[in-house]
Amino acid sequence: MIFDVVTIFPDFFTSILGQGMLKRALAGGQVEIRLHDLRAFTDDAHRTVDDRPFGGGPGMVFKPEPVFRAVDALRAESGPPSFPVILLSPQGRLLRQPVAEQLARQARVVLICGRYEGVDQRVAEHLVTEELSIGDYVLSGGEIAAAVVMEAVTRLLPGVLGNEESHIEESFAPIAAVSDRRLDFAQERPEGLDAKDAAIPAAGLSRSGQHGLLDFPQYTRPAEFRGYKVPEVLLSGNHEEIRRWRRRAALEKTWRRRPDLLATLPLSGEDRRTLEEIKSTALEPVAW
Ligand code: SAH
């Protein structure tokens with residue numbers, strides 16, 4: 001997969017590309033990250049990318065011409081016939097795990113990093129395919145947002161994570177919920193509904209934009225640290241009990257911290273029963 005990043009600060013990315021998962025994915029060829037200096041697409045001696053806002057007000061705004069030229073140049077290159085051209089913006093669609101999964105299916109993605117007061121509106125309206133936000137707060141530039149997108153997407157690409165750090169069973173991962181729901185249907189399918197109708201395609205869950213639960217709590221050695229003990233069941237070696245404990249812990253954490261995620265999640269019969277139990281005995285949800 002190729003990321004083309006359009007930025008006035010290409011050097012910004014040096015450290016994040018030089019270590020950890022992204023470094024490995026670059027070395028392994030699963031991802032290619034190409035940094036494009038927006039100033040290379042200007043045509044004046046000062047390499048001007050910004051100008052004062054029409055209508056007045058503080059700050060500067062990215063001019064449309066260099067951004068249009070940069071994207072035109074990238075689109076003119078040979079490669080996949082069409083690909084997302086994304087403007088990082090606090091006004092965009094929120095980056096959530098299903099969005100990262102969608103992007104991970106693309107062969108190429110262009111990321112445009114704004115600065116100052118933002119980017120001339122004509123870029124959003126007539127050039128890019130979408131605007132993407134990494135959260136409801138304002139950054140000074142799109143570079144960190146672009147890095148977040150690349151990090152979240154690259155780790156989903158086949159071969160990037162080893163088994164030992166698989167993303168199948170972590171927060172927001174939809175897979176476990178799907179397979180559980182399949183079991184549920186097999187056991188509790190209403191009369192007259194045949195298996196074909198009941199089956200949910202694994203990919204369908206993410207395509208429909210749904211999330212999984214938050215991850216269950218993780219522990220490692222030592223089993224006791226400063227008097228704080230690891231839950232007994234995790235030391236038991238009983239895989240079925242460990243599975244049930246983890247599922248319950250994930251359900252409880254999600255219910256307490258992110259009830260919004262639970263609202264859209266298809267839960268198995270076992271999950272629903274566990275959740276009722278949790279609700280009747282556990283602490284109240286956390287109001288962040
Ligand atoms: N005036 C704009 C904010 C501009 S911030 C507004 O109020 O909407 C400058 C640049 O930082 C933006 O063009 C965008 O590329 C980037 N940026 C800021 N916050 C962001 C966020 N939450 N997600 C993605 N990009 C963001």
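Just follow the structure's listing: the first ligand is 1, and inside any ligand the first atom is 1.
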- prompt: Do G135 and ligand 1 have an N or O pair less than 3.5 Å apart?
  reply: yes
query: Would a distance-only check, ignoring hydrogens and angles, find a side-chain to backbone donor-acceptor pair under 3.5 Å from Q30 to G159?
result: yes
query: Tell me: protein heavy atom nearest atom 7 (O) of ligand 1, and distance?
result: Q91 NE2, 4.4 Å
- prompt: Looking only at protein heavy atoms, which one is nearest to atom 13 (O) of ligand 1, and how far off is it?
  reply: G114 CA, 3.4 Å
- line: Closest to atom 23 (N) of ligand 1 among protein heavy atoms sits I134 N, 3.1 Å
- prompt: What closest approach, in Å, do G212 and L261 show between heavy atoms, and which atom pair accounts for it?
  reply: O-CD1, 4.1 Å
query: Is a donor on one side and an acceptor on the other found under 3.5 Å between the side chain of R246 and the backbone of F216?
result: no
- request: Counting heavy atoms only, name the option from E143, E117, E131 that's nearest to atom 1 (N) of ligand 1.
  value: E117
- prompt: Applying the 4.5 Å side-chain criterion to the ILVMFWY set and letting contacts propagate, would I8 and I33 be lumped into a single cluster?
  reply: yes
message: Quick test of your reading of the model: are R273 and E270 salt-bridged, counting only N-O distances below 4.0 Å?
response: no
- request: Look only at interatomic distance and state if V138 has a nitrogen or oxygen under 3.5 Å from any nitrogen or oxygen of ligand 1.
  value: no
task: Check ligand 1 against G142 and write out every atom of the ligand that is under 4.0 Å from a heavy-atom position of the residue.
output: 11 (O), 15 (O), 16 (C)
field: Distance-minimising heavy-atom pair for L95 and A100
entry: CD1-N, 4.1 Å
- request: Measure from the side-chain N and O atoms of T154 to the backbone N and O of E151, and report whether any donor-acceptor pair falls under 3.5 Å.
  value: no
message: What protein heavy atom lies closest to atom 19 (N) of ligand 1? Include the residue and the distance to one decimal.
response: L139 N, 3.0 Å
task: Show which atoms of ligand 1 fall inside a sub-4.0 Å distance from at least one heavy-atom site of G118.
output: 4 (C), 13 (O)
message: Donor-acceptor check, side chain of T129 to backbone of V85, threshold 3.5 angstrom: yes or no?
response: yes
- prompt: Between F62 and Y116, what is the ring plane arrangement, given parallel below 30°, perpendicular above 60°, and tilted in between?
  reply: perpendicular
statement: If you scan protein heavy atoms around atom 25 (N) of ligand 1, the nearest is S89 N, 3.3 Å
message: Under 4.0 Å, counting heavy atoms only: does Y116 come that close to any atom of ligand 1?
response: yes
- request: Give the residue and atom name of whichever protein heavy atom lies nearest to atom 15 (O) of ligand 1, and the separation in Å to one decimal.
  value: L88 O, 2.6 Å
query: If we only count N/O pairs under 3.5 Å, is I112 in contact with ligand 1?
result: no
- prompt: Can you tell me if T254 uses its side chain to pair, donor with acceptor, with the backbone of L214 under 3.5 Å?
  reply: yes
query: Can a non-hydrogen atom of L132 be found less than 4.0 Å from any atom of ligand 1?
result: yes
- prompt: Should one rank A145, P90, A146 by closest heavy-atom distance to atom 17 (N) of ligand 1, which comes out on top?
  reply: P90
